[in-house]
There are 2 protein chains.
Amino acid sequence: MSSRDQLTGAMAELLWERGYAATSPRDVMARAGVGQGSMYHHFSGKHELAVEALSAVTGDLTDESSLLDGDGSPLERMKRYLTLPRPGTRGCRVGRMTQDPQVVADAELITIVAGAFETMLGRWERAIAEAIACGELPASIVPADLARTLAAIIQGGYVLARAKGEQSPMDAAIRGAVSLLDAAHTTVDTDC
Amino acid sequence: MSSRDQLTGAMAELLWERGYAATSPRDVMARAGVGQGSMYHHFSGKHELAVEALSAVTGDLTDESSLLDGDGSPLERMKRYLTLPRPGTRGCRVGRMTQDPQVVADAELITIVAGAFETMLGRWERAIAEAIACGELPASIVPADLARTLAAIIQGGYVLARAKGEQSPMDAAIRGAVSLLDAAHTTVDTDC
DNA sequence: GTCTATACCAGGATAGAC
DNA sequence: GTCTATCCTGGTATAGAC
């Protein structure tokens with residue numbers, strides 16, 4: 001693998017483990033196993049390296065959320081996406097960035113993060129609207145609102161898991177979400 | 001106000017705005033308007049100052065969650081607490097700490113954070129159990145799970161709001177939660 | 001109790017040799 | 001392309017005067 005790829009890979013890992021502010025160019029070079037000159041040859045600095053690494057990461061997570069557009073009834077897809085395995089104590093690779101002041105202040109980085117969320121929320125909204133259309137959820141539900149509620153449950157699950165240092169709060173939060181969706185589940189009166 | 005109080009107050013503000021790692025003793029002293037000697041006279045260092053400041057902050061938020069034990073039917077209390085005004089783009093003063101590697105690695109600090117969440121989750125659980133007992137929510141609901149779901153919605157709402165730089169995702173997430181609770185709301189068959 | 005002076009190390013980047 | 005040497009700033013803490 002090229003030095004360049006080693007560097008973006010190492011930066012992606014460190015962004016997840018420590019965040020942006022707490023990751024120094026030294027750390028990245030050490031983990032990538034390359035020298036300083038190499039890094040500043042390929043990238044103008046920490047910022048540019050982070051842009052590249054974060055773009056790759058958000059791309060992965062955006063791919064994952066395409067599960068909301070997949071096979072099965074809308075509500076089934078929603079539950080399938082909700083119950084995807086998620087490492088609670090490690091935190092969300094994208095959501096974690098929003099708590100880093102240096103990321104929020106960096107127009108380019110926060111735009112990447114915001115874009116990833118917008119894409120995912122759009123998919124949530126569509127799936128929810130379909131669930132309502134085919135009678136799986138009541139018409140009283142507002143897709144744009146519930147989309148944010150469900151995305152928040154995942155993000156908040158990470159927060160609770162990290163606070164306790166255990167996976168269990170994340171799993172509990174997801175179970176609670178599913179049970180609430182089930183409780184709200186209306187009789188299916190059209191085919192999905 | 002004493003220098004000591006100025007210092008803890010300034011630290012509490014900066015913990016909220018920038019987090020622990022990104023806050024330097026210099027910043028705190030500057031905001032508190034005291035000199036370096038004063039700070040190291042009252043506190044052994046950044047860590048001890050943060051312990052004191054964070055304890056005060058979690059105390060405030062814990063007081064707030066006592067609203068879940070207040071007047072009205074359980075479901076009413078839950079909705080009242082959910083719809084409390086929350087500054088989405090500023091983030092949660094407690095939840096934000098969980099994304100700071102230095103906080104999670106600091107046994108004393110993370111214990112303060114974890115304790116605050118445990119207290120709040122306990123209050124959620126009790127209110128939910130009461131709502132089930134008096135028939136406002138279906139018996140299929142597991143209080144411990146839904147407690148984490150609802151707490152996660154608030155925490156996740158902060159994440160979404162910060163990602164977008166706007167309050168609206170937080171408000172939408174809360175509205176979606178309330179509508180989901182309403183959709184799951186069973187007929188009341190006992191008095192609350 | 002509070003101040004200033006000082007020390008030391010790490011973050012982040014540049015310069016220039018190979 | 002990659003390495004080492006070097007630079008400047010800021011984080012964190014200590015020393016000691018007032």
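All chains are named by letter (A, B, ...) in the order of the sequence lines, taking the proteins before the strands, and each is independently numbered beginning at 1. Predicted model only: the values in this text are computed from it and were never measured.
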Side chains of Asp171(B) and Gln167(B): donor-acceptor distance under 3.5 Å anywhere?
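Yes, because at least one side-chain N or O of Asp171(B) sits under 3.5 Å from a partner of the opposite role on Gln167(B).
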Under a plain distance cut-off of 3.5 Å, with no hydrogens placed, do Ser24(A) and Asp27(A) share a side-chain donor-acceptor pair?
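Yes, because at least one side-chain N or O of Asp27(A) sits under 3.5 Å from a partner of the opposite role on Ser24(A).
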Using distance only, find each side-chain donor-acceptor pair of residues 107-114 of chain B under 3.5 Å and give its atom names and separation, not counting sequence neighbours.
unit_1: Glu108(B); atom_1: OE1; unit_2: His47(B); atom_2: NE2; d: 2.8
unit_1: Thr111(B); atom_1: OG1; unit_2: Ala107(B); atom_2: O; d: 2.6

Length of the [atom1]-[atom2] vector between [X] and [N], whole Å:
X: Gln6(B); N: dC3(C); atom1: CD; atom2: C1'; result: 17 Å
X: Leu49(B); N: dT12(D); atom1: CG; atom2: C1'; result: 13 Å
X: His41(B); N: dT14(D); atom1: NE2; atom2: P; result: 15 Å

Ser3(B) side chain N/O closer than 4.0 Å to the phosphate oxygens (OP1, OP2) of dG1(C)?
no
In terms of side-chain geometry, is the basic nitrogen of Arg123(B) or Glu118(B) positioned less than 4.0 Å from the acidic oxygen of its partner?
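A salt bridge is absent here (no side-chain N lies under 4.0 Å from a carboxylate O).
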Reading nucleotides 11-18 of chain C 5' to 3', which nucleotides get B (base under 4.0 Å from a protein heavy atom), which S (sugar-phosphate only), which -?
BBBB----
Exceeds 12 heavy-atom contacts within 6.0 angstrom, atom CG of Asp63(A):
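Yes, enclosed.
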Counting heavy atoms from C-beta on, name the nucleotide in dC3(C), dG1(C), dT2(D) closest to the side chain of His42(B).
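From the listed options, dG1(C) comes nearest.
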Has Arg90(B) got its NZ or CZ under 6.0 Å from the middle of the six-membered ring of Trp16(B), at an angle within 45 degrees of the ring axis?
yes
